[in-house]
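Each remark here refers to the structure printed beneath this line.
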Amino acid sequence: MEWFHSCLQLQNLYGLDALTLSLLCSIVVNALKEQTAPLRDITIRLDDQLGLEPGTSLLIVRHLLANRCLHVDMSKVINPGKPLFLID
C-alpha cells in the first residue's frame with residue numbers, strides 16, 4: 001500500500017494538464033486490460049509509444065491504484081516485474 005499511497009495526488013505531473021492526465025489514465029487502463037505482460041514491460045512500452053518521461057505510466061498505475069480506479073487483489077503483493085491482474 002505504501003508503494004502507491006504516495007501517488008494519491010498527481011498534481012503537476014511533468015507539467016501535464018488534467019485533461020491530458022485523464023486521457024493517459026484511460027490509455028493505461030486499456031493497456032492493462034488487454035495485455036498480460038509484466039506491469040513494468042507494459043508501462044515502459046507505453047512511455048516509449050506516447051513519448052512520456054520514463055516512469056510516467058507506472059506512476060499513473062500507482063495513482064489509479066491509490067484512488068481505487070483499478071481493482072486488484074490487495075492480499076497479493078504488487079510486483080512490477082509480474083503481470084497486474086485486474087478484477088472486473
Side-chain angles (χ1 to χ4, degrees):
M1 298 221 11
E2 291 178 26
W3 182 68
F4 56 80
H5 190 281
S6 63
C7 296
L8 193 60
Q9 299 291 326
L10 288 184
Q11 298 167 339
N12 301 320
L13 175 68
Y14 304 118
L16 300 175
D17 60 65
L19 181 60
T20 302
L21 184 57
S22 177
L23 178 61
L24 290 174
C25 286
S26 295
I27 292 169
V28 168
V29 169
N30 287 334
L32 292 173
K33 288 181 179 178
E34 295 172 358
Q35 301 176 41
T36 58
L39 177 59
R40 180 182 306 125
D41 295 350
I42 293 170
T43 57
I44 288 171
R45 192 173 317 119
L46 284 173
D47 288 344
D48 288 343
Q49 290 174 348
L50 300 171
L52 300 172
E53 293 283 330
T56 301
S57 295
L58 186 57
L59 195 62
I60 289 171
V61 169
R62 293 169 61 193
H63 171 73
L64 293 169
L65 287 166
N67 286 283
R68 299 182 180 151
C69 298
L70 293 176
H71 302 280
V72 298
D73 183 352
M74 293 303 296
S75 67
K76 297 182 180 176
V77 174
I78 297 172
N79 180 345
K82 297 188 181 220
L84 181 67
F85 295 105
L86 303 180
I87 299 171
D88 290 331

>> Ser22: which residues meet the side-chain contact (heavy atoms from CB on, under 4.5 Å) condition with it, sequence neighbours left out?
In response: none
>> Do Ser57 and Asp47 pair up side chain to side chain, a donor and an acceptor below 3.5 Å, judged on atom types alone?
In response: yes
> Quick one: side-chain contact (heavy atoms from CB on, under 4.5 Å) partners of Ile44, sequence neighbours excluded?
Replying inline: Arg40, Asp48
> Leu52 versus Leu24: any side-chain heavy-atom pair under 4.5 Å?
Replying inline: yes
>> Nearest 0.5 Å, please: how far is CG in Leu70 from CG in Leu84?
In response: 6.5 Å
>> Minimum heavy-atom separation for Asp41 and Ala37, please, with both atom names.
In response: CB-CB, 4.4 Å
>> To check you understand the geometry: which heavy-atom pair defines the closest contact between Pro38 and Gly81, and what is its length?
In response: CB-O, 3.3 Å
>> I'd like to know if Leu39 and Leu86 are part of one continuous hydrophobic network [Ile/Leu/Val/Met/Phe/Trp/Tyr, side-chain heavy atoms within less than 4.5 Å].
In response: yes
> Do Ile60 and Leu21 come within less than 4.5 Å of each other through their side chains, counting heavy atoms only?
Replying inline: yes
>> Using the side-chain hydrogen bond (donor to acceptor under 3.5 Å, both in side chains) criterion, which residues pair with Thr43? Sequence neighbours excluded.
In response: none
>> I'd like to check the side-chain contact (heavy atoms from CB on, under 4.5 Å) partners of Ile87; sequence neighbours left out, ordered by chain and number.
In response: His71, Asp73
> What about Phe85 and Ile42, same hydrophobic cluster or not, with Ile/Leu/Val/Met/Phe/Trp/Tyr joined at side-chain heavy-atom distances under 4.5 Å?
Replying inline: no
Could you pull out all donor-acceptor pairs under 3.5 Å where a side-chain atom in residues 29-36 meets a protein atom, sequence neighbours excluded?
unit_1, atom_1, unit_2, atom_2, d
Asn30, ND2, Ser26, O, 3.3
Gln35, OE1, Arg45, NH1, 2.6

